[in-house]
Amino acid sequence: MAELREFVDILRAAGEITRLRLLSLLAAGELSVKDLTEILDQSQPRVSRHLRLLTESGLVSRHAEGAWAFFRLSDEANAAVLVQHLLEQLDASDPVLQADVLRLEAVRRDHQMRAATYFSKVARDWDRVRSLHAPESAVEAAIVDMMKGTSVEMFIDLGTGTGRMLELLDGHFKKGVGIDSSREMISVARSKFERSGQKSVFVRLGDIAQLDEYSASADITMLHQVLHHFLDPGKALLNARQTLKPGGKIVVVDFMPHKLEFLREEQAHKRLGLSHEQMQAWAQAAHLKVTDAREIPHNKPGGGLTVCIWHLTDQS
Ligand SMILES: C[S@@+](CC[C@H](N)C(=O)[O-])C[C@H]1O[C@@H](n2cnc3c(N)ncnc32)[C@H](O)[C@@H]1O
């Protein structure tokens, strides 16, 4: 419950056209200042000023990552209810809002295209590129250790790339499905499994945003070094959760927050690592509970990337 003055401040923050447009855009997921500037076609200082007012009022939360800042609607209950109520009063057919949605879709398509171009370029060489990232053998040993004694019917590896996780965890599942949106990655993975003759493994071209055909089918779904390629990892996690049987588990393996800005340009990273707090919030929003988290520190002198393995269990 907000006090009178505080409530008026919140209403003032929301009561302006650009800020309402921003709230409406952020209702579709987390976005960076850069994206919002492009969508609204206004100067960055102007958009930043509006975002600052929204953040100060508690309607929006900000997360800084290197040179980028990401914004999302606040998770705080009062703010979330108020924003939802305000947005419900807006006419979605308003031409300004419709144009915003079209530009948002164009921005997302552009991100996807850039990532797809990168992955199609590196597909043949991916197993070498991925080993540059982190203490690969330590990470893989920890993944296997955390899966010790686990044997499931169905394992899904989202963003499977060359299918390394299906190879590594063979023996822990009766059926394994690797899904990836890059034709090149899928073709490398497919020929690898054809050669090895692993009959319980299938790889499929598919998008994490469209997993209907895999609904409620997996005991374990994995996202290994995938979420940092998403502008809104929380949304990807929500999509991944759809694949789980009741009580199933998502295993996320990804980087902890870091400052290696060049990875955005050179390796199509959208997020500079994921923090425990973020994971907690995304998990909660997807009705998942963080049931385990293990950090594997880098072993490179002069700095490297720490990897974390999170287990998120379905609470439905
Ligand atoms: C960094 S690679 C990781 C590959 C593999 N999991 C590994 O660790 O070797 C990220 C993979 O996610 C895939 N990917 C990115 N966006 C995707 C999406 N929306 N749907 C499915 N796969 C996606 C890319 O094509 C790429 O193969």
Is it possible for you to say whether [X] and [Y] belong to one hydrophobic cluster, with membership spreading through side-chain heavy-atom contacts below 4.5 Å?
{"X": "F155", "Y": "F193", "answer": "yes"}
{"X": "M147", "Y": "M154", "answer": "no"}
{"X": "W68", "Y": "L31", "answer": "yes"}
{"X": "L20", "Y": "V96", "answer": "no"}
{"X": "W282", "Y": "M256", "answer": "yes"}

Given T221, which partner from the list D314, T243, D157 fulfils the side chain to side chain donor-acceptor pair (under 3.5 Å) test? T243

For a quick test of reading the model, state the closest non-hydrogen atom pair linking [X] to [Y] and the distance between them.
{"X": "L97", "Y": "D91", "answer": "CD1-O, 3.6 Å"}
{"X": "L158", "Y": "A240", "answer": "CD1-CB, 3.6 Å"}
{"X": "H276", "Y": "E295", "answer": "NE2-OE2, 2.8 Å"}
{"X": "V139", "Y": "V253", "answer": "CG1-CG1, 4.0 Å"}
{"X": "A236", "Y": "I208", "answer": "O-CG2, 4.0 Å"}
{"X": "L54", "Y": "A13", "answer": "CD2-O, 3.7 Å"}

I'd like to know if the side chain of [X] reaches the main chain of [Y], judged simply by a donor and an acceptor atom lying under 3.5 Å from each other, with no hydrogens or angles considered.
{"X": "D100", "Y": "L25", "value": "no"}
{"X": "T291", "Y": "H311", "value": "yes"}
{"X": "R241", "Y": "A286", "value": "yes"}
{"X": "K235", "Y": "A28", "value": "yes"}
{"X": "E261", "Y": "A67", "value": "yes"}
{"X": "R103", "Y": "I39", "value": "yes"}
{"X": "D219", "Y": "G248", "value": "no"}
{"X": "K289", "Y": "Q315", "value": "no"}
{"X": "D180", "Y": "T160", "value": "yes"}
{"X": "R190", "Y": "V203", "value": "yes"}

CD of E184: more than 12 outside heavy atoms within 6.0 angstrom?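 Count over threshold, so yes.
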
Does D145 have more than 12 heavy atoms from other residues, nucleotides or ligands lying within 6.0 Å of its CG?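 It does: D145 CG has more than 12 such atoms within range.
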
Does the side chain to side chain contact (heavy atoms under 4.5 Å, CB included) test come out yes or no for R271 and E30, once each step is laid out? CA-CA 11 Å; R271 310 301 301 253; E30 217 165 51; 2.5 Å; yes

Taking C-beta and beyond as the side chain, do [X] and [Y] meet within less than 4.5 Å on heavy atoms?
{"X": "L223", "Y": "D254", "result": "no"}
{"X": "S200", "Y": "K175", "result": "no"}
{"X": "R21", "Y": "L40", "result": "yes"}
{"X": "R72", "Y": "V60", "result": "no"}
{"X": "F173", "Y": "S151", "result": "no"}
{"X": "Q44", "Y": "V33", "result": "yes"}
{"X": "M222", "Y": "I143", "result": "yes"}
{"X": "K148", "Y": "T150", "result": "no"}

Decide, yes or no, whether a salt bridge links [X] with [Y] under the criterion of side-chain N to carboxylate O below 4.0 Å.
{"X": "D232", "Y": "K270", "value": "no"}
{"X": "K192", "Y": "E167", "value": "yes"}
{"X": "R5", "Y": "D9", "value": "no"}
{"X": "R164", "Y": "E140", "value": "yes"}

Just checking, is any N or O donor in the side chain of [X] or [Y] under 3.5 Å from an acceptor N or O on the other one?
{"X": "E88", "Y": "Q84", "result": "yes"}
{"X": "R264", "Y": "H269", "result": "no"}
{"X": "Q210", "Y": "N239", "result": "no"}
{"X": "D212", "Y": "S215", "result": "no"}

Between R114 and E265, is a salt bridge (Lys or Arg N to Asp or Glu O under 4.0 Å) present by the stated rule, with each step listed? CA-CA 10 Å; R114 279 181 215 211; E265 282 304 314; 5.7 Å; no

Looking at [atom1] of [X] and [atom2] of [Y], how far apart are the two atoms once the value is rounded to the nearest 0.5 Å?
{"X": "L211", "Y": "I156", "atom1": "CG", "atom2": "CD1", "answer": "7.5 Å"}
{"X": "L288", "Y": "T313", "atom1": "CG", "atom2": "OG1", "answer": "8.0 Å"}
{"X": "C308", "Y": "L274", "atom1": "SG", "atom2": "CG", "answer": "9.0 Å"}
{"X": "R19", "Y": "L86", "atom1": "CZ", "atom2": "CG", "answer": "12.5 Å"}
{"X": "I10", "Y": "L82", "atom1": "CD1", "atom2": "CG", "answer": "6.5 Å"}

Report the C-alpha separation of Q242 and Y214 in whole Å, then their side-chain angles, then the decisive distance to 0.1 Å, and conclude whether the side chain to side chain contact (heavy atoms under 4.5 Å, CB included) test is met. CA-CA 8 Å; Q242 183 193 350; Y214 303 99; over 6 Å; no

H63 ring center within less than 6.0 Å of F71 ring center: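 Judged by ring-centre distance (under 6.0 Å), F71 and H63 do not meet the cut-off.
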
Can L205 and R183 be said to form a side chain to side chain contact (heavy atoms under 4.5 Å, CB included), step by step? CA-CA 6 Å; L205 188 68; R183 280 181 198 283; 3.3 Å; yes

F230: what forms a ring-ring contact (aromatic ring centres under 6.0 Å, His included) with it, not counting sequence neighbours? none

Candidate pair H111 and D35, rule side chain to side chain contact (heavy atoms under 4.5 Å, CB included), full reasoning: CA-CA 10 Å; H111 281 298; D35 293 330; 3.0 Å; yes

Within 45° of the ring axis of F70 and under 6.0 Å from its six-membered ring centre, is that where the NZ or CZ of R62 lies?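 Geometry flag: not set, cation outside 6.0 Å or 45°.
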
